[in-house]
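Okay, so here's the structure we're looking at.
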Amino acid sequence: MKKVLIIKTSPRKGGNSDSLADEFAKGAREQGHSVEEVSLAEKEIAFCKGCLTCGHTQRCVIRDDADAIREQMLNSDVIVWSTPVYYYSCSGQMKTMIDRANPLYSSDYKFHETYLLAAAAENEEHAVDGARTVLQGWVDCFEKLELKGVVFAGGVNKVGDITGHKALAEAYELGKKC
């Protein structure tokens with residue numbers, strides 16, 4: 001059994017990327033994995049100050065909701081990021097949380113798998129490339145971590161547009177395989 005942490009990064013609760021995350025969670029739970037979900041829409045997370053103190057202390061100098069999320073990340077086997085695609089990249093909330101996860105770099109982290117679930121109004125497959133690049137940049141800094149899969153739902157904009165989209169089934173199946 002794996003401990004799976006799903007980080008929903010959309011500022012719009014219940015949006016299309018959240019639906020992808022829900023399907024991934026359903027598949028993972030059906031396989032007996034423990035699944036925790038956190039929505040950044042409800043959290044206060046400040047921007048990284050770039051002070052690099054965390055490289056020495058394994059703690060950020062900023063005290064906010066990122067502290068608890070980092071602790072969840074540290075103790076998870078699998079981290080799943082769900083994001084809307086904004087201007088061909090991930091949400092600002094996702095990038096901010098990735099930056100604030102820097103104290104994990106020098107820690108004895110458990111996570112070894114990560115997944116990206118993304119939804120965009122644009123329908124072209126390349127619309128997810130920027131979000132993938134952001135996540136791959138983070139992955140490349142952790143030698144025990146691998147980007148194991150990406151699910152992209154294109155052509156979805158308003159809440160609920162994703163209903164019936166083939167990406168929902170893909171997210172569910174990926175959750176079963178994690």
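For residues 42-57, every residue pair satisfying the salt bridge (charged side-chain N to carboxylate O under 4.0 Å, His left out) rule, not counting sequence neighbours, is listed here: K13-E42.
Between C54 and P103, the closest heavy-atom pair is CB-CG, 3.4 Å. The two residues E124 and F152 come nearest to each other via the heavy atoms O-CE2, 3.5 Å. The two residues A25 and E37 come nearest to each other via the heavy atoms CB-OE2, 3.8 Å. The shortest non-hydrogen separation linking E122 to A127 is CB-CB, 3.8 Å. A pairwise comparison of heavy atoms in A101 and W138 identifies CB-NE1, 4.4 Å as the closest pair.
Below 30°, between 30° and 60°, or above 60°: for F142 and Y109 the angle between ring planes is above 60°, a perpendicular geometry.
Linking Ile, Leu, Val, Met, Phe, Trp and Tyr whenever their side-chain heavy atoms come within less than 4.5 Å leaves Y172 and L20 in two separate clusters. Under the 4.5 Å side-chain heavy-atom criterion for grouping Ile, Leu, Val, Met, Phe, Trp and Tyr, I7 is connected to M94 within one hydrophobic cluster. Placement of V38 and L74 within a single hydrophobic cluster is found when ILVMFWY residues are connected by side-chain heavy-atom separations under 4.5 Å, directly or transitively. Taken together through direct or relayed side-chain contacts under 4.5 Å among Ile, Leu, Val, Met, Phe, Trp and Tyr, L52 and I62 form parts of separate hydrophobic clusters. In terms of hydrophobic clustering, with Ile, Leu, Val, Met, Phe, Trp and Tyr side chains grouped at heavy-atom distances under 4.5 Å, Y105 and I98 are assigned to a common cluster.
With values rounded to the nearest 0.5 angstrom, T163 atom OG1 is found 7.5 Å from L168 atom CG. The OG atom of S76 lies 11.5 Å from the CD1 atom of I69; values are rounded to the nearest 0.5 Å. Atom CG of L117 sits about 10.5 Å away from atom CG of D18, to the nearest 0.5 Å. The OG atom of S82 sits 11.0 Å away from the CG atom of N16 when rounded to the nearest 0.5 Å. Between the CD1 atom of I162 and the OG atom of S19 there is a distance of 5.5 Å, given to the nearest 0.5 Å. With rounding to the nearest 0.5 angstrom, the CG atom of L135 is 12.0 Å from the OH atom of Y115.
Atom CG of D108 sits in a sparse spot, with 12 or fewer heavy atoms from other residues, nucleotides or ligands closer than 6.0 Å. Atom CZ of R59 is surrounded by 12 or fewer heavy atoms from other residues, nucleotides or ligands within 6.0 Å. Around atom NZ of K158, no more than 12 heavy atoms belonging to other residues, nucleotides or ligands sit under 6.0 Å away.
Judged by distance alone, the side chain of R70 and the main-chain N or O of L104 form no donor-acceptor pair under 3.5 Å. Of the possible polar contacts, none joining the T114 side chain to the V80 backbone as a donor-acceptor pair under 3.5 Å is found. Here the side chain of H33 pairs a donor or acceptor atom with the backbone of C178 at under 3.5 angstrom. The closest donor-acceptor contact from the side chain of Q31 to the backbone of G175 lies at 3.5 Å or more, if one exists at all. Of the possible donor and acceptor atoms, one in the side chain of D161 sits under 3.5 Å from a partner among the backbone N and O of N157. Although no hydrogens or angles enter the test, the distance criterion places a donor-acceptor pair under 3.5 Å between the side chain of D64 and the main chain of A46.
With contacts defined as side-chain heavy-atom distances shorter than 4.5 Å, the pair Q93/P11 qualifies. Residues T96 and S91 have side chains not in contact (no heavy-atom distance under 4.5 Å, counting atoms from C-beta outward). In this structure, the side chains of S17 and T9 stay at 4.5 Å or more apart for every pair of heavy atoms. Looking at heavy atoms from C-beta onward, F24 lies out of side-chain contact with V35 at the 4.5 angstrom threshold. Here the side chains of L5 and M73 are in contact, with some heavy-atom distance below 4.5 Å. In this structure the side chain of C51 reaches within 4.5 angstrom of the side chain of V61, judged on heavy atoms.
Shown here are the side-chain contact (heavy atoms from CB on, under 4.5 Å) partners of D129, two or more places apart in sequence or in another chain: H126, R132.
Under 4.0 Å is where a charged nitrogen must lie from a carboxylate oxygen, and between D22 and K8 at least one such pair does. A salt bridge links D77 to K110: one of the charged nitrogens lies within less than 4.0 Å of a carboxylate oxygen. Here K177 does not pair with E173 in a salt bridge; the nearest charged N to carboxylate O distance is not below 4.0 Å.
Among the candidates V139, V151, T83, the single residue satisfying the side-chain contact (heavy atoms from CB on, under 4.5 Å) test with L116 is T83. Residue E113 forms a salt bridge (Lys or Arg N to Asp or Glu O under 4.0 Å) with just one option from K2, K3, K144, and that option is K2.
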